[in-house]
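Naming convention: chains lettered A, B, ... in sequence-line order (proteins, then strands); numbering from 1 in each chain. What you see is a predicted model; the values in this text were computed from it and never measured.
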4 protein chains.
Amino acid sequence: MELSPANRRMGVEVEDLEDGSVRLSLATDGSFENEVGSVHGGFAAFLLDGAMGRAAGRSLAPGEVTATLQLSVQYLAPAQGRIRATGRIVRRGRTVAFLEAVCERDDGVEVARAHGVWTIRPGR
Amino acid sequence: MELSPANRRMGVEVEDLEDGSVRLSLATDGSFENEVGSVHGGFAAFLLDGAMGRAAGRSLAPGEVTATLQLSVQYLAPAQGRIRATGRIVRRGRTVAFLEAVCERDDGVEVARAHGVWTIRPGR
Amino acid sequence: MELSPANRRMGVEVEDLEDGSVRLSLATDGSFENEVGSVHGGFAAFLLDGAMGRAAGRSLAPGEVTATLQLSVQYLAPAQGRIRATGRIVRRGRTVAFLEAVCERDDGVEVARAHGVWTIRPGR
Amino acid sequence: MELSPANRRMGVEVEDLEDGSVRLSLATDGSFENEVGSVHGGFAAFLLDGAMGRAAGRSLAPGEVTATLQLSVQYLAPAQGRIRATGRIVRRGRTVAFLEAVCERDDGVEVARAHGVWTIRPGR
């Protein structure tokens, strides 16, 4: 799969699952840590946003475009090592899509949960 | 100012303002774009999270630590070029801090707004 | 001003301010308390939602309708006595409006803050 | 079950489920409508907040108290008739609980989804 420039820059791997959901993963190490020695929460937010946004994108008809309107993230546990976020559509309306996503560590611990709203528009 | 590993990796610049707020900035270009040719929304989320988290961190007493509990972001307009997020404390309780942040472009357009909740704990 | 059925039922008073914002107020007493003897947080959420929704509604052109997509609320301090929420538009696009609101007590303490997203659609 | 003053005032019925989750229900009619003839979204927010808050409360040890820190609601479809919200704990830490809830109509359509964060504190 060809990666977007942003995912290539971040080292994010992308997997489109058969049920329409999207899984993004990122291998973190010490270079991802914040001032207090934990993996910066912004990386989980980046993955969750990206997984939901791409899942919204997979639902588009030809000529439609989508953009994030809002995103809410709960931080459940510290990220460490490889983390992966899986995003899926909860409800797809004609002009709006509602999504949710979960971010987990390799040991199965949930790092964060998110939900968000995407607008769907005819492209130009 | 010494940057955290995460901010160094991301190319984020950090400015601690005199009123206790924190401003983070990031110069985006084509390598920050998503599949549809816009700057990936996750970068604004990263800046907003980081600006609020560092503002929370500046309020800590010796021995205290802080961690993000929740974050909500509104996406108002597309990011482009240099973007900067300013985070400030809305209310600081003994065990919880409430923060808000705004992310703007160089032309003054607001890209995103956020609020979030941080827990404050005695360190170990 | 004529109240909506919901606001009449809840005892909510409505004030349309000159700058386009909306202020809703509610006098709480012991009958608004939850299981632990505090005013139920749902009343602040109700006021914040209503103040933002009505402010969105005041921005509509003839024939347009609006509906809430998403709402995020921070609870800063316990509600008590009379509380009032003021909602205003942060950005009004063609198909989406972003709003924010603050809920205060009579003594000026902020009880809660919210932001939300409303969809704007041509009516039928 | 004895109702809290707030739930009695609102006409909310409460059901504590065996798995620790909580279901609140409310029968709406025309007196619950907003200015545009739909059930006011604040009622779903009230139910979601209450269902999650009570589920958090059911997890308390003797002497502990809980309070809402933050709440995010997605509005998926119009409420009508009887609506019921079911709240459950996603993760319970020592000082924080993360919850989620779904609000449905009698015909099974999901009206709204929410997640939120509750603080857990030793009581006085």
Side-chain angles (χ1 to χ4, degrees), chain A residues 20-21 36 38-39 41 44-45 47-49 51-53 55-56 59 66-80 83-120, chain D residues 20-21 36 38-39 41 44-45 47-49 51-53 55-56 59 66-80 83-120:
Chain A
S21 63
V36 295
S38 316
V39 171
L47 284 190
L48 290 160
D49 183 352
M52 291 191 286
S59 79
T66 185
T68 320
L69 294 178
Q70 193 275 343
L71 182 68
S72 175
V73 183
Q74 294 184 321
Y75 289 92
L76 305 171
Q80 57 186 49
I83 55 175
R84 59 164 191 264
T86 309
R88 71 174 195 90
I89 291 181
V90 168
R91 201 180 85 82
R92 167 69 152 87
R94 201 173 49 80
T95 62
V96 174
F98 297 91
L99 287 102
E100 67 176 17
V102 178
C103 181
E104 295 171 307
R105 306 193 305 219
D106 262 356
D107 61 7
V109 170
E110 289 191 0
V111 166
R113 281 175 170 245
H115 63 201
V117 187
W118 269 254
T119 182
I120 312 287
Chain D
S21 65
V36 295
S38 317
V39 171
L47 283 190
L48 291 160
D49 183 352
M52 291 190 286
S59 78
T66 186
T68 320
L69 295 178
Q70 192 275 343
L71 181 69
S72 175
V73 184
Q74 295 185 320
Y75 289 93
L76 306 169
Q80 57 186 49
I83 55 176
R84 59 165 191 262
T86 309
R88 71 176 194 90
I89 290 182
V90 168
R91 200 179 85 83
R92 168 67 152 89
R94 201 174 49 80
T95 62
V96 174
F98 297 91
L99 287 103
E100 66 176 17
V102 178
C103 182
E104 296 171 306
R105 307 193 305 219
D106 262 355
D107 60 8
V109 170
E110 289 190 2
V111 167
R113 283 174 169 246
H115 64 200
V117 186
W118 269 254
T119 183
I120 312 287

Shortest non-hydrogen pair, Val90(D) vs Glu110(A), comes out as CG1-OE1, 4.3 Å

Please give me the minimum heavy-atom distance between Phe98(D) and Tyr75(A), naming the atom from each residue.
CZ-O, 3.0 Å

Residues of residues 99-109 of chain A near chain D, each having a heavy atom less than 4.5 Å away:
Leu99(A), Glu100(A)

If the condition is salt bridge (Lys or Arg N to Asp or Glu O under 4.0 Å), which residues does Arg92(A) pass it with, not counting sequence neighbours?
Glu64(A)

Interchain contact, Ala114(D) with chain A, by part (heavy-atom threshold 4.5 Å):
backbone

Where on Val96(D) is there a heavy atom nearer than 4.5 Å to chain A: the side chain, the backbone, both, or neither?
neither

Most contacts with chain A, counted as non-hydrogen pairs under 4.5 angstrom, among Arg91(D), Gln74(D), Arg113(D)
Gln74(D)

